[in-house]
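Chain naming here is simple, since letters A, B, ... match the order of the sequence lines and numbering starts at 1 in each. Keep in mind that what you see is a predicted model, and the values were worked out from it rather than measured.
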There are 2 protein chains.
Amino acid sequence: MKKSDTEQIRAANRVDIINTLRVFGPLARVDIGQRTRLSPATVTAITSDLVAEGVIREVQKPVSATGRGRPRVLIGLNPDHASALGIKLSINEIRLMLGDLQGNIVAETVVTADTQSLDQASLNDLLVDQASRFLEDYPDHARRLVSLGVAIQGIVDAHRGYSVWSPALSIKNVNMTAALEAAFECPVELANDTNCIAHAIHKHPEYLQKPDFAVIMIGYGVGGSLILNGDLYSGHNGAAAEFGHTKYTPTGPTCACGKAGCIEAYVADYALYRDARALIDLPETDRRHPSEDEMRHLTQLARDGSTPARELFDRAGRVLGFGIANVLALISPERVVVTGPGVRAYDLLEDSIQAGIQEALIPELVGRTEIQSYPWSEDMTGKGVIALALGHFR
Amino acid sequence: MKKSDTEQIRAANRVDIINTLRVFGPLARVDIGQRTRLSPATVTAITSDLVAEGVIREVQKPVSATGRGRPRVLIGLNPDHASALGIKLSINEIRLMLGDLQGNIVAETVVTADTQSLDQASLNDLLVDQASRFLEDYPDHARRLVSLGVAIQGIVDAHRGYSVWSPALSIKNVNMTAALEAAFECPVELANDTNCIAHAIHKHPEYLQKPDFAVIMIGYGVGGSLILNGDLYSGHNGAAAEFGHTKYTPTGPTCACGKAGCIEAYVADYALYRDARALIDLPETDRRHPSEDEMRHLTQLARDGSTPARELFDRAGRVLGFGIANVLALISPERVVVTGPGVRAYDLLEDSIQAGIQEALIPELVGRTEIQSYPWSEDMTGKGVIALALGHFR
DNA sequence: GTAATTAGGTCGACTCGTAAATTAAATATG
DNA sequence: CATATTTAATTTACGAGTCGACCTAATTAC
C-alpha cells in the first residue's frame with residue numbers, strides 16, 4: 001500500500017506532461033491540457049516550472065495560422081537538458097548509445113569484446129571502462145547524464161539488476177548495475193532486450209493507448225514481452241515473458257535452453273537454419289547463429305518455391321500460432337505484435353500462424369486479438385533501453 | 001490518462017482504510033495509520049467521516065489491557081451498513097447469496113432451473129425474478145443493497161458483462177448484467193467463477209501482500225486466474241486466464257472445448273474419470289460430470305495402490321506441471337496456488353507437478369515460484385463474488 | 001479601427017495530508 | 001491517593017495541489 005498525498009499528485013502530473021510531450025511532440029499548452037485532462041491553470045503552473053528548470057522550452061515554429069485568435073505557442077522538450085546512456089550487451093559485442101531527453105539516439109558506437117570469457121570483476125571493469133571512454137567524447141552529454149540503461153539477451157531479474165542467464169555471458173547470476181551505478185552515480189536500469197523493444201513500441205503514439213499487448217521477437221532466439229495495464233510487466237522475479245521457452249510439445253527438437261519442444265526450437269533463426277540444412281543443400285554457417293544474409297537466402301528459397309523450405313516456415317508459423325494461442329488463453333491481450341529480424345519472413349509465416357491459432361485456441365476466443373507484424377529495425381533495442389532509462393527522469 | 005486531483009486522494013485513502021478494515025478486522029486508529037502509512041491526523045479525519053456515515057463504528061471490546069497509556073479503541077466495518085447480492089449460475093442451479101459489508105455470507109439459497117433451455121429474455125426474467133424473490137425475505141438487506149455480483153463458469157467478458165460461452169447455458173454471447181442493473185438500479189459485476197475464487201484468496205491477509213500470483217482451479221474443468229500487480233487481471237477482452245485450455249500437446253485427448261490436448265483434458269475430473277473407466281472397473285456415471293463421491297473413490301483407489309489409477313494421477317500432475325511451466329515462463333509470478341475440488345488428490349499430484357515443471361521449464365527459472373495448494377471449500381466462489389461486488393462500495 | 005476569437009496567465013476558494021501541539025485515558029509509582 | 005508516565009486520538013497551523021473564474025495578449029474578421 002502506498003499512501004497518496006498532494007506532492008505525489010504534482011509529481012504524477014509533471015511526468016504526465018513530460019511523457020505527453022515526449023510522445024506527441026511539441027504541443028501548445030491547450031493541447032497538453034486536453035491530452036492530460038489537466039486544467040489550463042495547472043498546465044501553466046507546471047509548464048512554467050519546467051521552463052524555468054530548462055526541461056522544456058518554447059519552440060517558435062511558424063504554426064500554420066489556422067483560424068483567428070491568439071496563436072498557440074508550441075512547447076517541446078529541450079533535448080539538451082538531459083542525456084541517458086544505453087548499453088546493449090550481445091555476444092562479443094557492446095553497443096553504446098547516447099540518447100537525448102527526447103529519446104533520440106545522438107551518438108552510437110560498437111565495441112567488440114570477448115564477452116564469454118568475462119567474470120564478474122572484469123565485466124564490471126569492461127562496462128565502466130567502455131562507458132567512460134565513450135562519454136569522454138561527449139563531455140556535454142556526460143555532464144547532464146541522468147541515467148543508464150543496460151539491455152541484455154536472456155533472462156533478467158530486472159528488479160535486482162541481475163542477469164540470471166544470458167547467451168552473451170558464460171557466468172550466471174551476474175550483477176549488471178552496481179558497478180555502473182557506483183561509477184556514474186545515477187540510476188541504472190537493466191532489461192531484457194525484448195522488453196526494451198516492447199517499451200519502444202509502447203511509446204509510439206499508435207500503441208500508447210493500447211494498454212494490453214504482447215510483443216514477440218523472432219531472431220537469434222524467440223523472446224516475449226508483455227505490456228499490461230499500460231506498463232511493462234516483468235513479473236515478481238523481473239523475469240516474465242520468456243515466450244520462446246513455452247512449449248509446443250513435450251517431445252521435440254532441442255532448444256538452446258536445453259529443454260525439448262520449446263517454441264524457439266522451431267522458430268528461431270538457428271532452428272530454421274539447422275533444420276533446413278538437413279533437407280536442403282545450404283552452406284555451413286561458421287558462426288553460432290546464421291547470419292542475416294544466410295537467413296535471407298533461406299527465406300528467398302521458400303518464396304521461390306522450395307518445398308522443404310516452404311514446409312519449414314509453415315511449421316514454424318504453426319508452432320508460433322500454438323504458442324500465441326497459449327498467450328491468448330492466458331492473457332487475452334488486445335494485440336500481439338510480432339517483430340525482430342525474423343519478420344523478414346512474416347509473409348511466409350502469417351497464414352500458418354493463423355492456422356495454428358485456429359487449431360489450438362478455444363474457439364470462443366478466436367478473433368478477439370489482432371495479430372500483426374511490426375517492421376524491424378536494428379536500433380529499436382537502443383531506443384527502448386534509452387526510453388527505459390529516461391523513465392528515471394522526473 | 002486520468003487527471004489527479006486532491007479529492008481523488010481522499011477517495012483513494014478512504015477505500016484504502018475500508019479495505020484494510022475488511023481484511024484485518026477491527027483495528028485501532030493507530031494500527032490503521034501504520035498499515036496504510038497515513039498520518040494519525042488523516043486517519044482521524046477519514047474515520048470520523050466514515051463513522052458519521054455509519055460505514056464503520058467503534059467496537060468496544062475489552063481489549064487486553066496490554067501496557068499503560070490511553071487504551072486503543074477498535075473500529076470495525078459496520079456489517080449492517082450495506083449489502084451485496086451474489087448470484088452463482090451453474091448447470092441447472094442458481095445459488096443466491098446475501099453478503100454484508102464485511103463480506104460475510106449472511107443468507108443463502110439454491111434454486112434449480114433448467115438453465116440450458118434459457119434464451120436471453122427468459123434468462124433475464126429468471127435472474128431478476130429469483131433475485132427479487134430472494135430479497136423479499138430480507139427487506140433490510142434489500143433496502144441497503146449496493147451492488148450485485150454474478151459468477152458463472154466459462155468464458156466471460158467481464159468489461160462488457162457478457163457470458164461469451166458457458167457450460168451452464170446453451171446460448172452464447174449473453175448479456176448477464178443489463179437486466180439486473182435495470183431492475184435493482186445498482187452496479188452489477190460479472191466474473192468467471194475462477195476469478196471469484198482468486199479474488200477471495202487475494203483478500204486473505206496472507207495473500208494480500210503478494211501482488212503477483214496465479215490461481216489454478218481443478219474441478220469439473222480447469223480454470224485459471226491471475227492477480228497481477230495486486231489486481232485481478234482480466235485482459236483486454238475481460239477473458240484472460242483460460243489456463244485449462246492452454247495446450248499440453250497438439251495431439252491428445254479431446255477437451256470439452258472441442259480442441260485436442262488441452263491441460264483440462266488430462267486433469268479435470270471428467271477427464272480423469274473417463275480415462276480411468278477405460279482401465280479400471282468403475283461404475284458408469286450417469287451425469288455429465290462424475291460426482292464428488294465417484295472422484296473420491298477413484299482417488300482412494302490410487303492411494304490404495306491401484307497402479308493404473310496411480311499412473312493416471314501421475315500423468316495429470318505432469319501435464320499440470322507442464323502447463324504451470326508455461327505460466328511461469330510467461331508471467332513469472334511469486335506463487336501458483338492450486339485449489340478447487342481437485343485438490344482432494346493434491347497429495348497424489350504434487351510430486352509429478354514438480355517433475356513436470358522440472359522437465360519443461362527453462363532451468364534458470366526453476367525454483368523461483370512457490371507452488372502450493374489451497375484448501376477448497378464450496379463457498380469460496382460466493383465469498384469471492386460478493387467481495388468483487390463490494391468493490392463498488394466507496 | 002473595432003469586435004470576435006482563441007491562448008495563456010493570475011488569483012481566490014477549496015481540499016488534502018502532515019507535523020506539532022494538545023487533549024484523553026489509562027497504568028505505574030511512591 | 002496524587003502524580004508522573006505512557007500511549008491514543010484530536011486539533012491546529014501550514015504548505016502544496018487543482019480548479020473555476022476572470023483577466024490579459026495576440027491574432028483574424030469585418
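Residue-environment remark: NE2 (B/His159) exceeds the threshold of 12 foreign heavy atoms within 6.0 Å. The number of heavy atoms from other shown groups lying within 6.0 Å of CD (B/Gln34) does not exceed 12.
The nucleotide whose nearest atom lies closest to any side-chain atom of B/Ala41 is, among D/dT11, C/dG8, D/dT18, D/dT11. Nearest nucleotide to the side chain of B/Glu7, out of C/dA7, C/dT15, C/dT18: C/dT15. In this structure, of C/dT18, D/dA9, C/dA25, it is C/dT18 that holds the atom nearest to the side chain of B/Thr42.
Neither OP1 nor OP2 of C/dG17 sits under 4.0 Å from any side-chain N or O of B/Ser39. Regarding contacts with the backbone of D/dT10, a side-chain N or O of B/Arg29 is found under 4.0 angstrom from either OP1 or OP2. Within the 4.0 Å cut-off from OP1 or OP2 of D/dG17, not a single side-chain nitrogen or oxygen of B/Thr6 is found. Taking 4.0 angstrom as the limit, B/Asn13 places none of its side-chain polar atoms (N or O) nearer than this to OP1 or OP2 of C/dC16. In terms of phosphate contacts, B/Thr44 brings no side-chain nitrogen or oxygen within less than 4.0 Å of OP1 or OP2 of D/dA9.
The CZ atom of A/Arg72 sits 7 Å away from the P atom of C/dG8 (whole-angstrom rounding). Summarising the geometry, the separation between CZ on B/Arg14 and P on C/dG17 is reported as 12 Å, rounded to the nearest angstrom. The interatomic distance linking B/Leu74 (CG) with C/dA26 (P) rounds to 14 Å, in whole Å. Across the protein-nucleic acid pair, A/Ile9 atom CD1 and D/dG15 atom P stand 18 Å apart, rounded to whole Å. Here C/dT18 presents its C1' atom at 16 Å from CZ of B/Arg37, a figure rounded to the nearest Å. Separating the CG atom of B/Asp31 from the P atom of D/dA9 is a distance of 8 Å, rounded to the nearest angstrom. Going from atom CD1 of A/Ile17 over to atom P of C/dG8 covers 12 Å, rounded to whole Å. Atom CG in A/Leu38 sits roughly 13 Å away from atom P in D/dG17 (whole-Å rounding).
Residue A/Val43 is out of contact with every strand shown, counting any heavy-atom pair closer than 4.0 Å. Here B/Pro40 lies in heavy-atom contact (under 4.0 Å) with a base.
Between A/Glu58 and A/Arg29 a salt bridge is recorded (basic side-chain N to carboxylate O distance below 4.0 Å). Salt-bridge annotation for A/Asp49 and A/Arg14: absent, with no side-chain N of the basic residue lying under 4.0 Å from a carboxylate O of the acidic one.
Cation-pi geometry between B/Arg335 and B/Tyr207 is satisfied (NZ or CZ under 6.0 Å from the ring centre, within 45° of the ring normal).
With hydrogens and angles left out, the side chain of B/Arg70 and the base of C/dA25 share no donor-acceptor pair within 3.5 Å.
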